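Inspection log for the structure reproduced underneath, given as structure tokens.
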Amino acid sequence: MTLEVRTTGVDSEVDELSPWFHNLHLPNGVQTAPDHPLGDFPAFKWAQIAAALPDDLRGCRALDIGCNAGYYTFQLARRGADVLAVDSDPHYLRQADWARRAMDLEDRVELRRLDVYHLAQLRERFDLVLFMGVLYHLRYPLLGLDLVADRVRGTLVLQTMTMPGGSVEGDTPEDLQLDERDRLRDPDWPVMAFVEHHLAGDHTNWWAPSRGALEAMVRTTGLVVTGRPADEVWICRRARESFHGEELRRVQLARAADDGAAA
């Protein structure tokens, strides 16, 4: 089952820009993916997190990572935020560019083609960061989460696919001994499942962490979980700087050197 919708006869410009993953509700009443297999997506997902965010975001600098066609971006902009929306897919960015003009949000929304591994290029931190539906598509999830967290000055909204089971209340030791490795098989130990081939027909679905593993990963970045407004959605806030900042800087410098050589 594909989760992208190719439209025919909805609207000439909408049809030309299809297929759509986000069902945007346009000012003229047109919807970009009215027959989405998940329903009105991602409107129902936004409804789960909207109350956890301030109604008035004026003065807020926001970052939407993996913005797709921009549904979440436009919701933040309507609340007054100044939003930088990034995605690595030029098709989605074309949709978002067209939609921001249709919604008259060009003054509040900037679009940039950027993947997670290039976030250090931004050289700024944001009051609010959305990282929705991206983590499990990353082959290097902890590196990706480190790079995301490094852009967070205030709040991170994180949504990801998880594996069933596990507990967020698991109490793991500060130092696991070699002869205690049987504890790694504890049902509540933080674990991630690796998907070698396809999941839901998608070869980019690489990892499904347990909820406990996801929260443990967040803590290692210097953020803490402060809320769980919906299943597989976390509100996180900065608590301290990452203990792994030097490692991260080396990765960023190596990536910058590679980009410079390629240019």
Side-chain angles (χ1 to χ4, degrees), residues 1-57 60 62-81 83 85-106 108-109 111 128-137 155-162 164 199-202 204-205 208 211 227-235:
M1 177 181 68
T2 179
L3 297 181
E4 291 189 332
V5 176
R6 184 170 295 279
T7 62
T8 303
V10 170
D11 174 274
S12 59
E13 292 180 290
V14 170
D15 292 347
E16 184 178 348
L17 285 165
S18 69
W20 293 82
F21 182 58
H22 281 184
N23 183 36
L24 305 180
H25 293 242
L26 303 172
N28 62 1
V30 169
Q31 298 182 37
T32 59
D35 299 320
H36 201 291
L38 296 179
D40 192 2
F41 178 86
F44 72 83
K45 185 63 67 177
W46 170 253
Q48 296 174 345
I49 66 173
L53 302 177
D55 291 332
D56 186 352
L57 290 173
C60 173
L63 173 65
D64 184 3
I65 302 168
C67 64
N68 203 277
Y71 183 94
Y72 300 117
T73 293
F74 302 140
Q75 294 296 332
L76 298 181
R78 289 191 184 104
R79 293 189 179 195
V83 189
V86 302
D87 204 291
S88 62
D89 191 319
H91 174 70
Y92 293 144
L93 291 174
R94 284 193 297 271
Q95 293 177 335
D97 181 44
W98 175 82
R100 71 173 170 174
R101 286 183 275 112
M103 297 181 183
D104 195 25
L105 291 172
E106 292 174 278
R108 293 184 183 173
V109 174
L111 300 172
L128 175 61
V129 177
L130 299 190
F131 190 42
M132 306 284 289
V134 179
L135 184 67
Y136 54 95
H137 292 296
T155 299
L156 170 68
V157 182
L158 169 62
Q159 183 269 325
T160 187
M161 175 182 69
T162 61
L199 193 154
D202 188 341
T204 72
N205 288 329
R211 287 161 175 79
R228 306 180 187 97
D231 186 37
E232 300 186 322
V233 179
W234 288 264
I235 306 295

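By convention here, the first residue in the shown sequence is residue 1. Because the structure is a prediction, the values reported are computed rather than measured.
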Could you check whether any side-chain heavy atom of Val86 comes within less than 4.5 Å of a side-chain heavy atom of Asp64, counting everything from C-beta outward?
no
Can you name the salt bridge (Lys or Arg N to Asp or Glu O under 4.0 Å) partners of Arg94, sequence neighbours left out?
none
Please table the atom pairs, donor to acceptor, closer than 3.5 Å between any side-chain atom in residues 46-55 and protein atoms at least two apart or in another chain.
residue : atom : partner : partner atom : Å
Trp46   : NE1  : Gln75   : OE1          : 3.4
Gln48   : OE1  : Lys45   : NZ           : 3.4

What are the two closest heavy atoms between Thr155 and Ile235, and how far apart are they?
CG2-CG2, 3.8 Å
To the closest 0.5 Å, what do you measure between CG (Asp15) and CZ (Arg6)?
9.5 Å
Any side-chain heavy atom of Phe74 sitting closer than 4.5 Å to one from Arg108?
no
If I take atom CD from residue Gln159 and atom CG from residue Leu135, how far apart are they, to the nearest 0.5 angstrom?
9.5 Å
Working to the nearest 0.5 angstrom, can you tell me the gap between Leu130 CG and Tyr72 OH?
8.5 Å
Minimum heavy-atom distance Gln31-Val14, with the two atoms named:
O-CG1, 4.5 Å
Ignoring hydrogens, what is the shortest heavy-atom contact between Ala69 and Gln95? Give both atom names and the distance.
CB-OE1, 3.6 Å
Ignoring hydrogens and geometry, is there a side-chain-to-backbone donor-acceptor pair from Arg79 to Asp56 under 3.5 Å?
no
Under 4.5 Å between any side-chain heavy atoms of Cys67 and Tyr92, yes or no?
no
Salt bridge (charged side-chain N to carboxylate O under 4.0 Å, His left out) for Asp97 and Arg100? Distances and angles first, verdict last.
CA-CA 5 Å; Asp97 181 44; Arg100 71 173 170 174; 3.0 Å; yes
Considering all heavy atoms, the nearest Asp40-Asn23 contact:
OD1-ND2, 2.9 Å
Could you walk me through whether Leu63 and Val83 pass side-chain contact (heavy atoms from CB on, under 4.5 Å), step by step?
CA-CA 6 Å; Leu63 173 65; Val83 189; over 6 Å; no
Are Phe44 and Phe41 close enough that their ring centres sit under 6.0 Å apart?
yes
Side-chain contact, heavy-atom cut-off 4.5 Å: Thr162 with Thr160?
yes
Close side-chain approach of Leu3 and Pro37, heavy atoms under 4.5 Å:
yes
If I compare all heavy atoms of Val10 with all of Pro34, which pair ends up nearest, and what's the gap?
CG2-CG, 4.4 Å
Any side-chain heavy atom of Val233 within less than 4.5 Å of one from Val157?
yes
Can you tell if the side chain of Leu128 reaches within under 4.5 Å of the side chain of Leu76, non-hydrogen atoms only?
yes
Centroid separation His36 to Phe21 less than 6.0 Å:
yes
Over all atoms of both residues, closest heavy-atom pair of His25 and Met103
O-CE, 3.8 Å
Is it the case that the side chain of Thr32 and the backbone of His22 share a donor-acceptor pair, with hydrogens and angles ignored and the cut-off at 3.5 Å?
yes
Is there a donor-acceptor contact under 3.5 Å from the side chain of Asp87 to the main chain of Asn68?
yes
Asn28 CG: over 12 foreign heavy atoms closer than 6.0 Å
yes
If I take atom NE2 from residue His137 and atom OG from residue Ser88, how far apart are they, to the nearest 0.5 angstrom?
10.5 Å
Show your reasoning for whether side chain to side chain donor-acceptor pair (under 3.5 Å) applies to Glu4 and Trp20.
CA-CA 5 Å; Glu4 291 189 332; Trp20 293 82; over 6 Å; no
Can you tell me how far OG1 of Thr8 sits from CG of Asp35, rounded to the nearest 0.5 angstrom?
10.0 Å
